[in-house]
Amino acid sequence: MPELPEVEVLVRHLAPMLEGKTIRGVQVRRERVLRPTTEAGLKRELRGAKFVGVIRRGKFLLFTLRRSTGRSTFTLLGHLGMTGRMFLQPVNAPVAKHAAVFLALGKLDFVFEDTRYFGRFTLDTGPIKLLGPEPFGDEFTPGYFAEALRRSAQPIKVKLLDQSLVAGVGNIYASEALFDARISPRISARRLTREQIERLRRSIRNVLSAAIVFGSTVPLDWSGASRGDGLFYYGQYGGVPGVYEERLQVYDRAGHPCPRCGASIKRIVQAARSTFFCPRCQCGGSG
DNA sequence: CACCATGTTCCTTG
DNA sequence: CCAAGGAACATGGT
């Protein structure tokens, strides 16, 4: 469930349930997701520790924990990769097939489950130091954005996936933001005009915040026990018929009419990932 | 069987 | 040294 909006909604959901809870036991079923932390190391740090806060940074979840001994705190870093999920369930609930880590919290278990095991659940906080500004943060200014884009010859769509440029935009919302800004995904980042850059910055913010609102408004089934697994990202929302279909404008909609001009949405491949856009609205010029 | 998938990192190439 | 492109990671859906 991986881009910024999905992680934000998850963090808001988890924070009030985790804060104040003490970790009484740790079970690791897939050590790979801890990399480079070891199972022994994770258990040593987490046992007896208490959750004091949960925040988001880019697509990462940062769990702040207080050690049972003393007052010091430390950070547990989570990342959902492509298919990760986190939820609480009763102690005796059935074990998810790809559950990677369980934290015993008393009556409930906290579960990190990830089908493909690309996600992370680790004490290594190094990755967050590489992130660019938050899209909603004060540092994500037009000046910063313009300066960063000026130094890149990559297509703008590819550049938006660079987490050191701006943190949290992924493959779905990169296409959506460029559609909203009426900018061709193929334009070299350095060739964007000042006006396009400011429009894109606003579109990134608008598209992400609209998705957060959507995810906060819709009923979600976090453990996904039922088939209509409630996580609201692409392809997963199984709630009100028609709602999901109307949410994304271009992503995964090749061959459908553009909601703005009616032209056929196109799919292209950039940096080995799919990009969706309207060849008429997003012709690369001033829009 | 073929191809596709919300992400990141590492390796190679230029 | 840097940028860019591709493969790898691992599993499942269509």
Side-chain angles (χ1 to χ4, degrees), chain A residues 1-11 29-36 56-61 77-86 96-100 112-122 124-132 148-178 185-191 204 207-208 211-212 214-215 220 222 224 227-238 244 247-255 267-276:
Chain A
M1 70 178 288
E3 299 185 38
L4 182 151
E6 293 81 7
V7 178
E8 178 64 27
V9 172
L10 175 63
V11 163
R29 307 181 96 250
R30 265 293 172 138
E31 195 167 8
R32 171 181 155 79
V33 304
L34 309 184
R35 62 194 184 284
R56 178 194 58 73
R57 176 79 173 91
K59 303 173 192 173
F60 289 89
L61 298 98
L77 194 65
H79 194 290
L80 298 168
M82 299 267 271
T83 53
R85 299 196 299 192
M86 295 181 185
K97 182 176 180 185
H98 297 293
F112 173 43
E113 182 253 310
D114 185 358
T115 303
R116 292 166 75 177
Y117 306 110
F118 290 175
R120 305 281 298 276
F121 201 73
T122 180
D124 168 30
T125 57
I128 53 180
K129 299 180 183 72
L130 305 175
L131 296 177
L149 294 181
R150 201 166 59 87
R151 285 175 288 137
S152 175
Q154 285 186 306
I156 184 60
K157 154 61 164 50
V158 176
K159 194 62 191 168
L160 286 179
L161 300 180
D162 177 353
Q163 300 298 294
S164 72
L165 173 70
V166 55
V169 177
N171 205 42
I172 292 175
Y173 297 112
S175 282
E176 293 293 312
L178 287 166
R186 297 195 256 218
I187 292 192
S188 174
R190 66 159 70 117
R191 308 235 317 265
I204 289 168
V207 160
L208 295 179
I212 292 170
F214 174 80
L220 302 177
W222 299 95
R227 197 212 61 81
D229 161 337
L231 300 178
F232 70 91
Y233 55 90
Y234 161 70
Q236 295 294 311
Y237 175 59
Y244 161 69
R247 187 169 79 91
L248 300 178
Q249 306 283 293
V250 293
Y251 186 82
D252 200 32
R253 298 194 57 81
R267 172 185 179 269
I268 59 174
V269 173
Q270 298 179 287
R273 321 258 344 243
S274 291
T275 298
F276 299 88

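Here is the naming used below: chain letters follow the sequence lines, and residue numbers restart at 1 for every chain.
Shown here are the side-chain contact (heavy atoms from CB on, under 4.5 Å) partners of A:R267, two or more places apart in sequence or in another chain: A:A254, A:V269, A:S274, A:F276. In this structure, the side-chain contact (heavy atoms from CB on, under 4.5 Å) partners of A:Q270, at least two apart in sequence or on a different chain, are A:P155, A:K157, A:V158, A:P185, A:R186, A:I268, A:T275. Partners of A:E113 according to the side-chain hydrogen bond (donor to acceptor under 3.5 Å, both in side chains) rule, which considers only residues two or more places apart in sequence or in another chain, are A:R85. Remark: A:R150 engages A:E147 in a side-chain hydrogen bond (donor to acceptor under 3.5 Å, both in side chains) (not counting sequence neighbours). By the side-chain hydrogen bond (donor to acceptor under 3.5 Å, both in side chains) test, A:S188 is found to be paired with no residue, residues two or more places apart in sequence or in another chain being considered. Partners of A:A99 by side-chain contact (heavy atoms from CB on, under 4.5 Å), not counting sequence neighbours, listed by chain and number: A:R29, A:V95, A:A96, A:F102, A:V111. In this structure A:T122 satisfies the side-chain contact (heavy atoms from CB on, under 4.5 Å) test together with A:P36, A:T37, A:L77, A:R120, A:D124, sequence neighbours excluded. For A:R30, there are no side-chain hydrogen bond (donor to acceptor under 3.5 Å, both in side chains) partners two or more places apart in sequence or in a different chain.
The separation between A:N171 atom CG and B:dT6 atom C1' is 8 Å, rounded to whole Å. Here the C1' atom of nucleotide B:dT6 and the CG atom of A:L208 are 13 Å apart, to the nearest Å. As a whole-Å value, the separation of A:F121 CZ from B:dT8 C1' is 19 Å. Note: OH (A:Y173) to C1' (B:dG7) measures 15 Å, nearest angstrom. If you measure from atom CG of A:D252 to atom P of B:dC4, you get 12 Å, rounded to the nearest angstrom.
Nucleic acid contact class of A:R30 (heavy atoms, under 4.0 Å, all strands): sugar-phosphate only. Residue A:F118 is classed as a base contact, given a heavy-atom separation below 4.0 Å to a base.
Side-chain nitrogen and oxygen atoms of A:K59 include at least one within less than 4.0 Å of the OP1 or OP2 phosphate oxygen of B:dG7.
Using the six-membered ring where Trp is involved, A:H79 and A:F60 have ring planes that are perpendicular, over 60° apart on the 30 and 60° scheme.
If you walk DNA chain C from 5' to 3' and mark each nucleotide with an atom closer than 4.0 Å to a heavy atom of chain A, the marks span C:dA4 to C:dG12.
Rounded to a whole angstrom, the distance from the P atom of C:dA7 to that of B:dC3 is 13 Å.
At a non-hydrogen distance threshold of 4.0 Å, nothing from residues 155-170 of chain A comes into contact with DNA chain C.
Stems are defined here as 3 or more consecutive Watson-Crick or G-U wobble pairs with pairing distances under 3.5 Å; those involving DNA chain C are B:2-5 with C:11-14, B:7-14 with C:2-9.
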Discussion item. Does the protein touch nucleotides 9-14 of chain B at the base, only the backbone, or not at all? Give it as B, S and - per nucleotide, heavy atoms under 4.0 Å.
Written reply: ------

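Counting all heavy atoms, side chain and backbone alike, A:K59 lies closest to A:V7 at O-CG2, 3.6 Å.
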